Amino acid sequence: MADAKREIERKYESDDSGLPDLTGVGGVAAVLDKGVVDLDATYYDTVDERLAAASLTLRRRTGGSDAGWHLKLPVAPGVRDEIRAPLSDTVPEELAALVRSRVRDAELIPLVRLRSARDVRHLLDADGLLLAEASVDSVTAQRLTGKGGAAQWTEIEVELADDGDPAFLDLVEKRLRRAGVHPSTSPSKLARALEQTSGRKHHRKSRAGQRSKAARSPVTAGDHVLAYLRAQRDVLVELDPAVRRDVPDSVHRMRVATRRARSTLRSFRSVLDRSITDTIGVELKWLAGELGVDRDQEVLADRLTTALDALPPELVTGPVRARLASWAEARHGSAHGHLTGVLDSRRHLTLLDSLDTLLATPPLRPAAGKPPQKVLDKAVRKDLATLSDLIGQALDAPPGEARDIAVHEARKKAKRTRYAAEAATEALGTPARALTRDMKSLTTLLGEHQDSVMARRTLRELAAAAHGAGESGFTYGLLYGREEARAAAAEAELPGLWGEITYGVSG
């Protein structure tokens, strides 16, 4: 079973003069010599180095106290999550799954071998507690593909102890700089090995040039739409490991990216040919629905738990809390297991491939080459007009199921209008930015109404189960009544909020 560790470290160039004395730096009371450790790591990637391009590293390492398979996922500069699995001859499935959104059907092969003689020092405080591990690494790199190649260098690495204060590393760096030691120009040993064993520097510049070209400032309407769509594709790929690891909020963020992508295809049909994009839109809708199985349950569980916590103890009759917790845990475990299966499915991987193809060779319509202001403004106004009709239908519908459905439809359109305004913000400026904020407020209000509808449905199910077990239904009824009141309050607030929304783009 793989486990995870947050790794916070910094790397420095070394001229073979060794590690300067760090005693007294940031509370360092002693520097303990832990001797030299021999490490032997083989790094795996695809032939076209997809993991390296995303700053991911996957290695099999022997030697040291943490021999095994390590997958490092970037979090921030100098910060990575290291996922570990025991030694085996092949890439462990749990780690292969975490890079599947990048790798797809490509084979993971040995790419580079790094052998390091690591001279380790422990930096201890006055109580003998570990502050950080500093080491001088003498590295030999060997390229395992193509014509091969080798390189050697020495570097200094300082890794913060678990739960340590990152500010300590700033103090260490000041001391190192005063001693003439400077930060490494490579973010990792693998990046440096790739540079020095295969002409990687030229290759990286070329790739950087490609990224620069793809990420240039948008000019045409098509540029703006594709830039927004590309950002959502990137989020889908980057969040895949977090969703599999059940990182909080990751499912919600992936679902939002999925909806944004689908809304972009629907709102800007004057820019992208719908005969090509509609099929992708159907698949994005499917993915959003699958992600919603887990997310909707999570939202409901939090809402009902919070509502229950707000009740005075004397109004909680029977094992309501235990039943709610059992329901939430069972539903989440089942939903998350299903979701990981979705991410591994051929259908999902094909969707990612389709998005890549769409962005590489976009099916542009004539409006895509025009200046963005009028094209994007027209699309936003069209969405807003449809939303206005739906809001009117919701306000005119009689209370009950008909109004609930109408409010939900308006909420979905409000989200689409928000995402259209987001995509157009760089081109349309302040009016689109203001509309985005307005749509966020509107969707929050309409979302409160929809959450109440779903909460009441769940409360009826829980109450029926409790009744069947001979338990009191009083508390469920009380919570149900409060949810009805919350929905009524949202309905009462809607006309005023909608009346304040304006969109002032001149076109």
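Worth saying up front: this structure is predicted, and the values here are computed from it rather than measured.
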Is there a donor-acceptor contact under 3.5 Å linking the side chains of [X] and [Y]?
| X | Y | value |
| --- | --- | --- |
| Ser267 | Arg416 | yes |
| Tyr43 | Arg59 | yes |
| Tyr503 | Asp377 | yes |
| Arg259 | Tyr419 | no |

Taking NZ, NE, NH1 and NH2 as the nitrogens, is one of them in [X] or [Y] under 4.0 Å from a carboxylate oxygen of the other?
| X | Y | result |
| --- | --- | --- |
| Asp249 | Arg255 | no |
| Arg456 | Asp451 | no |
| Arg233 | Asp356 | yes |
| Arg80 | Glu9 | yes |
| Arg486 | Glu491 | no |
| Arg266 | Asp383 | no |
| Asp45 | Arg50 | no |
| Arg457 | Glu483 | no |
| Glu159 | Lys5 | yes |
| Arg230 | Asp234 | no |
| Lys413 | Glu409 | no |
| Arg365 | Asp273 | no |
| Asp66 | Arg84 | yes |

Handout entry: Evaluation steps, side-chain contact (heavy atoms from CB on, under 4.5 Å), between Leu349 and Arg346
Key = CA-CA 5 Å; Leu349 297 179; Arg346 169 52 46 197; 4.0 Å; yes
Handout entry: Tyr480/Arg460 under side-chain hydrogen bond (donor to acceptor under 3.5 Å, both in side chains): CA gap, chis, key distance, verdict
Key = CA-CA 8 Å; Tyr480 189 97; Arg460 289 196 299 268; 3.0 Å; yes
Completion exercise
Rounded to the nearest 0.5 angstrom, the NZ-CD distance for Lys11 and Glu157 is 3.5 Å
Handout entry: Side-chain donor or acceptor of Thr305 paired with backbone N/O of Ala301 under 3.5 Å
Key = yes
